[in-house]
Amino acid sequence: MRWLYLVTPLFFTACACVGPMQGSNAGVNSEPTYERAAQSKLIQANHRAADSLLTQGQPSLEPFKPILTATFVSIDNLNQSSRLGRVISEHVASRFTQRGVPVIEMKMRGTIFVDSGQGELLLSREVQDISQSHKAQAVIVGTYARAERYVYVTAKLVRSVDNTILAAYDYVLPLDSNVSSMLTR
């Protein structure tokens with residue numbers, strides 16, 4: 001009987017600790033916060049890609065001549081993108097702008113096809129014509145490939161007059177729940 005007096009407080013203590021967490025996964029997958037969002041590495045990874053393109057391409061770029069940014073596309077289907085491809089191109093374009101490179105906002109132009117589900121898709125045969133009409137010296141293009149646990153991304157800065165690659169950067173994103181959700185259009 002003495003053991004009952006010793007075990008009973010332990011039982012109630014254990015129930016008090018476990019009880020509130022039932023059904024809510026509290027502490028495991030709690031609601032996102034601004035602090036956690038600030039720790040996201042996606043923007044940082046895309047900005048590193050832009051910084052590398054700028055560093056490599058700088059000798060070939062004219063300081064005040066604009067560039068264009070195309071939506072990053074799936075390597076498996078160059079006519080298809082996703083929310084991830086559009087987000088990557090937005091991050092790269094914003095970093096170029098932050099570094100003082102003029103970037104033409106393609107969503108404001110009526111001269112290229114913009115599908116609301118796809119973004120700005122620039123096919124190689126159109127790049128010269130579009131770049132010339134916007135007086136752009138280069139275009140940022142990119143591809144991504146989904147693998148089992150990662151998404152492999154390639155970003156390129158391409159001179160528009162002759163399609164010469166001025167800079168290239170390869171990187172990998174973890175296929176976490178956020179990245180995965182952006183791959184579904």
Side-chain angles (χ1 to χ4, degrees), residues 40-147 150-175 178-179 182-185:
S40 172
K41 303 291 185 198
L42 180 63
I43 294 172
Q44 294 172 22
N46 294 328
H47 282 186
R48 272 192 306 277
D51 288 341
S52 180
L53 293 177
L54 273 169
T55 301
Q56 293 174 54
Q58 198 64 43
S60 302
L61 293 177
E62 295 181 40
F64 300 104
K65 202 168 178 186
I67 62 165
L68 303 173
T69 306
T71 299
F72 284 44
V73 295
S74 168
I75 193 73
D76 296 321
N77 182 351
L78 299 178
N79 292 319
Q80 180 182 353
S81 188
S82 65
R83 198 172 320 128
L84 179 65
R86 294 186 297 278
V87 165
I88 292 171
S89 66
E90 290 289 327
H91 292 165
V92 172
S94 69
R95 187 55 155 203
F96 268 68
T97 301
Q98 291 167 7
R99 298 291 190 222
V101 177
V103 178
I104 295 173
E105 177 58 75
M106 296 303 293
K107 289 185 287 301
M108 304 282 291
R109 302 293 178 148
T111 58
I112 65 166
F113 174 71
V114 178
D115 181 332
S116 63
Q118 298 299 313
E120 304 84 27
L121 299 175
L122 299 179
L123 303 174
S124 60
R125 67 180 178 269
E126 299 169 329
V127 170
Q128 276 187 307
D129 294 339
I130 294 170
S131 297
Q132 192 172 34
S133 71
H134 293 292
K135 296 179 176 60
Q137 63 181 319
V139 181
I140 300 168
V141 296
T143 58
Y144 60 86
R146 180 184 185 152
Y150 297 98
V151 176
Y152 295 88
V153 182
T154 297
K156 297 176 184 174
L157 181 64
V158 180
R159 187 169 46 219
S160 54
V161 294
D162 59 4
N163 292 338
T164 298
I165 298 172
L166 303 175
Y169 185 76
D170 300 312
Y171 60 111
V172 181
L173 303 173
L175 190 56
N178 285 322
V179 170
M182 288 191 288
L183 282 168
T184 56
R185 297 192 151 221

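Numbering of residues begins at 1 and proceeds along the displayed sequence.
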Is the closest side-chain heavy-atom distance between L175 and L183 below 4.5 Å? yes
Between S52 and Y171, a side-chain donor and acceptor under 3.5 Å: no
For L61 versus A138, what's the shortest heavy-atom pair and its separation? CD2-CB, 4.2 Å
Nearest heavy-atom pair of A93 and T69: which atoms, and what distance? CB-OG1, 3.6 Å
The reported gap from CD1 in I88 to CG in N46 (rounded to nearest 0.5 angstrom) is 5.0 Å
Could you report the tightest heavy-atom contact between P59 and Q56, atom names first, then the distance? CD-O, 3.5 Å
Side chains of I67 and Q137: does their closest heavy-atom pair fall under 4.5 Å? yes
If you look at every heavy atom in P102 and P63, which pair is closest and at what distance? CD-O, 4.0 Å
Does the side chain of N77 come within less than 4.5 Å of V73's, by heavy atoms? no
Work out which heavy atom in S94 is nearest to a heavy atom in H47; give both atom names and the distance. OG-NE2, 3.7 Å
Go through R99 and D51 one step at a time and tell me if the side-chain contact (heavy atoms from CB on, under 4.5 Å) criterion holds. CA-CA 8 Å; R99 298 291 190 222; D51 288 341; 3.2 Å; yes
Could you grab the distance from atom CG of N178 to atom CZ of R83, nearest 0.5 Å is fine? 10.5 Å
Can you tell if the side chain of L53 reaches within under 4.5 Å of the side chain of R95, non-hydrogen atoms only? no
Side chains of S74 and R146 in contact at under 4.5 Å (non-hydrogen atoms): no
Nearest 0.5 Å, please: how far is CD1 in I104 from OG1 in T97? 11.0 Å
If you count every heavy atom of other residues, nucleotides or ligands that lies below 6.0 Å from I43 atom CD1, does the total exceed 12? no
Kindly compute the distance separating OG1 (T55) from OH (Y169), expressed to the nearest 0.5 Å. 10.5 Å
Checking Y144 side chain against L173 main chain: does a donor-acceptor pair fall under 3.5 Å? no
Under 4.5 Å between any side-chain heavy atoms of L42 and H91, yes or no? yes
Indicate the atoms forming the closest heavy-atom contact of G57 with A167, along with that distance. N-CB, 3.8 Å
For D170, is there any backbone N or O sitting under 3.5 Å from a side-chain donor or acceptor partner on T154? no
Could you tell me whether the side chain of V151 reaches within less than 4.5 Å of the side chain of L84, counting heavy atoms only? yes
Within the 4.5 Å heavy-atom criterion, are L54 and F96 side-chain neighbours or not? yes
